[in-house]
Every structure is written in structure tokens, then in C-alpha cells.
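I have placed the structure first, in the form of C-alpha cells, so that the comments after it can refer back to it.
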Amino acid sequence: METKIIKIDKENIDMNLIKEAAELIKEGKIVAFPTETVYGLGANGLDERAVEGLFKAKGRPQDNPLILHISSIEQLKSLVLEVPDIAYECMKRFWPGPLTMIFKKSHIVPYMITGGLETVAIRMPNNKIALELIKEANLPIAGPSANLSGRPSPTNAQHVIEDLAGKIDMIIDGGETGVGLESTVLDVSGDIPMILRPGGVTLEDLQEFIPGVVQDLGTIKSDANIVPKSPGQKYRHYAPKADMFVFTGNIDKVVNRIKEETSILIKEGKKVGIMATEETKNNYTQGVVFVVGSRENKESIASNLFKTIRLFDEKDVDIIIAEGVESDHIGTAIMNRMMKASGGKIINI
Ligand code: AMP
Ligand code: MG
């Protein structure tokens, strides 16, 4: 299949191009599009065959449900049975934005979207191209991250091309995403609102509105006995080709330990990648060193994390050693992705 690649400037949107992409979606085809979190792989969320095509293109397990992307609150009403008050509060504060909410689904949402569950995940993305595309298609757009299943999520069109060129109908290049990590998933369908996946909207942000909100422990602990509640969280994710290790704790000790480990590994003939930060980079004199962001500005680390993992893949390193961050605010989401990317190899020193 030939994949058409089009460029759209999000500050000056060419509506003819949006219309062309929306037509494809309406015809049941697959279009990758930018959001503020990561690139999404879009298809008509009410068309089972189109959605089946999404799972195939990504190689995604069918029990891992998809998020429906909408452009108005009006659109939400036909997709869900009820909207709890707390959800209205969250929408007012965080939509459009990196917060997905889980609702009880209405009959028009196919089980193919929900992995057979009675609940559906819905979000309004904060990206003008995405919003115009959804509005123009006049449909909820199913949009998992536009990577091959298991690979790091794409934060620019080049990443999507690497993974999916030849497998989908169109890729909209809308530049770099911002947040860089997938949306926070908040279940509001039960009695206690629960974060099923940490993301750009943090537990601390939500606690201001929902004092009783809890975080699913399975998303923050790498303990085989704690099974995450969200189907997608149980899979290995964001995996680099190399083996990855993450060191957390006092940063001076972490740096020293990474230097020691690197020395030993290099003597064993291994090619070592170090995921460093602005504040620590000058300490490392061996290995392939990439700076992921600044410890003073954890949003920058979130924004660059997946891209940096892909850079190490390009350099063909055997092992990646990364500095962890404190697990609070956006750090919770960063550590969740590092936990998945490393297969749980987080060492606290
Ligand atoms: P992605 O499409 O890669 O952003 O992943 C979507 C995430 O939302 C996965 O972790 C899914 O397991 C989760 N998700 C989607 N729908 C539901 C649902 N109905 N209940 C619980 N988690 C869901
Ligand atoms: Mg994904």
C-alpha cells in the first residue's frame, strides 16, 4: 500500500488537506495524525472493519482497547450511558488536553473498540489539526499511538514513517508533539475515580478537583504480583531494541553507579548508551550519551523520552542505562514509561 504523506502547519491549517484526510477516515481508511501527546493512528471509531484494520496495522493485541477522540462535548453524549458530575468538572478543566476518561459505553460503540468491555475510553485532544480532522469527519476517531505495538510511541511524523509507512493510507505531518507521553487514563465509570495510566494530567492536578482519586498501583510498581487494571498496561511497551536499566535515588550516587556499570560493560565489549540529563551530562566520559532533558524541568524529559529511546536504537547500543526521576507530578508518568521500556529493571540505590 502506498502511504500518502502530507504536511499541515498547525498555526495555519489548510482545510483542503484536512478535508482530504477526513474523506479517507469516512471511507474506512487509516490516517496517522498529530496530537499534543503522541501521534495517533486514526480510523472511524464506529466502523468495526476500519478498527480491525487499525489493530492489524499496529499488530496490537485485540484485548487492548482503544481511545475514541472527539472534538465536542456534544459528541460525547451519544457514546456513553452517563456522564458523572466529576467528569464534567474534569472536562471543564482539562479538555481539550491529555486526559482520557473511561465511561459506561452506549450501544453504538463497537466492542471491537473496547476490547469486549462495557466501558469506553474518550478524550478531546489539544491539537488544532486533530480537532479539525475529527470535526470534518464528523465521527469519533479511534486513535491508538501510531507506532508498531511494543515500540516507543511516535512524537514526530518521521517516527510514524519508520514504523508504519506502507501499512496505512495517510500520515499527516504536523510537527513535533508537545507532552510527549500518552494521555492520563482516568476511570470515572465506577464509585472511586482511579488513574489507570499516569500521563500529562497528574495525580496532583486531579486531587485538586477529586479529593478521593486513587492511582492504580499496577502502573507504578514493577511487581509481578500486582496486575494493572487497564488491559493495555499489562503488556511490555515502548521497548527499545537494547536491554534497558534505570537507576533511581540520590542523583550523585546514581551518576557514580552509572559510570561504574558503564566501565565494566565497555570492558566486556558492550556498546553502552547513557540517558543523561542537562545537569549530569558532563560527568559521563564513556559510552553513547544522549541528554533527555533537564531535571529542573521534568516536562522536557517527558517530551523527549520516546525520541531519545529511538535515538539509542539508531546507534545500535546493546544496553541503555538511564537516570530515573522522582516519581511525583509528571515524574510518575515518566517512571511508568521507563518501567515499561526497561521491562521493570528499575534499580533504586
Ligand atoms: P493507547 O491507544 O496506546 O493510547 O492506549 C490506550 C490505553 O487506554 C490502554 O492502556 C488501554 O488499556 C486503556 N483503555 C482504553 N479503553 C479502556 C477501558 N474501557 N477500560 C480500561 N482501560 C482502557
Ligand atoms: Mg500505545
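Indexing begins at 1, ligand by ligand and atom by atom, following the structure's order.
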*Centres of the Tyr39 and Phe33 rings: under 6.0 Å?*
no
With atoms numbered from 1 as shown, which atoms in ligand 1 lie under 4.0 angstrom from a non-hydrogen atom of [X]?
| X | answer |
| --- | --- |
| Pro144 | 2 (O) |
| Pro231 | 12 (O), 21 (C), 22 (N) |
| Ile67 | 4 (O), 6 (C) |

*Rounded to the nearest 0.5 Å, how far apart are NZ of Lys307 and OG1 of Thr177?*
8.5 Å
Got a salt bridge between [X] and [Y], using NZ or NE/NH1/NH2 to carboxylate O under 4.0 Å?
| X | Y | answer |
| --- | --- | --- |
| Lys7 | Asp173 | yes |
| Lys19 | Asp14 | no |
| Asp163 | Arg151 | yes |

Counting non-hydrogen protein atoms only, what is the nearest one to [atom]? Give residue, atom name and distance.
| atom | result |
| --- | --- |
| atom 3 (O) of ligand 1 | Arg60 NH1, 3.2 Å |
| atom 14 (N) of ligand 1 | Pro65 CG, 3.7 Å |
| atom 4 (O) of ligand 1 | Arg197 NH1, 3.2 Å |
| atom 9 (C) of ligand 1 | Asn64 OD1, 3.6 Å |

*Metal check, the Mg ion (ligand 2) vs Ser145 N/O/S, cut-off below 2.8 Å*: yes
_Thr119 N/O under 3.5 Å from ligand 1 N/O_ = yes
*Does any N/O atom on Ser230 come nearer than 3.5 Å to any N/O atom on ligand 1?*
yes
*Does NZ or CZ of Lys105 fall inside the cone over Tyr111's six-membered ring, less than 6.0 Å from its centre and within 45° of the axis?*
yes
_side-chain hydrogen bond (donor to acceptor under 3.5 Å, both in side chains) between Gln286 and Thr262, worked out_ = CA-CA 7 Å; Gln286 285 182 294; Thr262 304; over 6 Å; no
*Pair Asn156-Glu176, side-chain donor/acceptor within less than 3.5 Å*: yes
_If we set the cut-off at 4.0 Å for heavy atoms, which region of Leu196 has an atom near ligand 1: side chain, backbone, both, or neither?_
side chain
*Where does Asp187 meet ligand 1, judged by heavy-atom distances below 4.0 Å: at the side chain, the backbone, both, or neither?*
neither
*Any chain of hydrophobic side-chain contacts (each under 4.5 Å) joining Ile102 to Trp95?*
no
*Take atom NZ of Lys77 as the centre, draw a 6.0 Å sphere, and report whether it contains more than 12 heavy atoms from other residues, nucleotides or ligands.*
yes
_Leu117 touching ligand 1 at heavy-atom level, < 4.0 angstrom_ = yes
*Consider ligand 1: state whether an atom of it lies below 4.0 angstrom from any non-hydrogen atom of Lys229.*
no
*Identify which of Val185, Asn147, Thr114, Ile102 has a heavy atom lying nearest to atom 23 (C) of ligand 1.*
Ile102
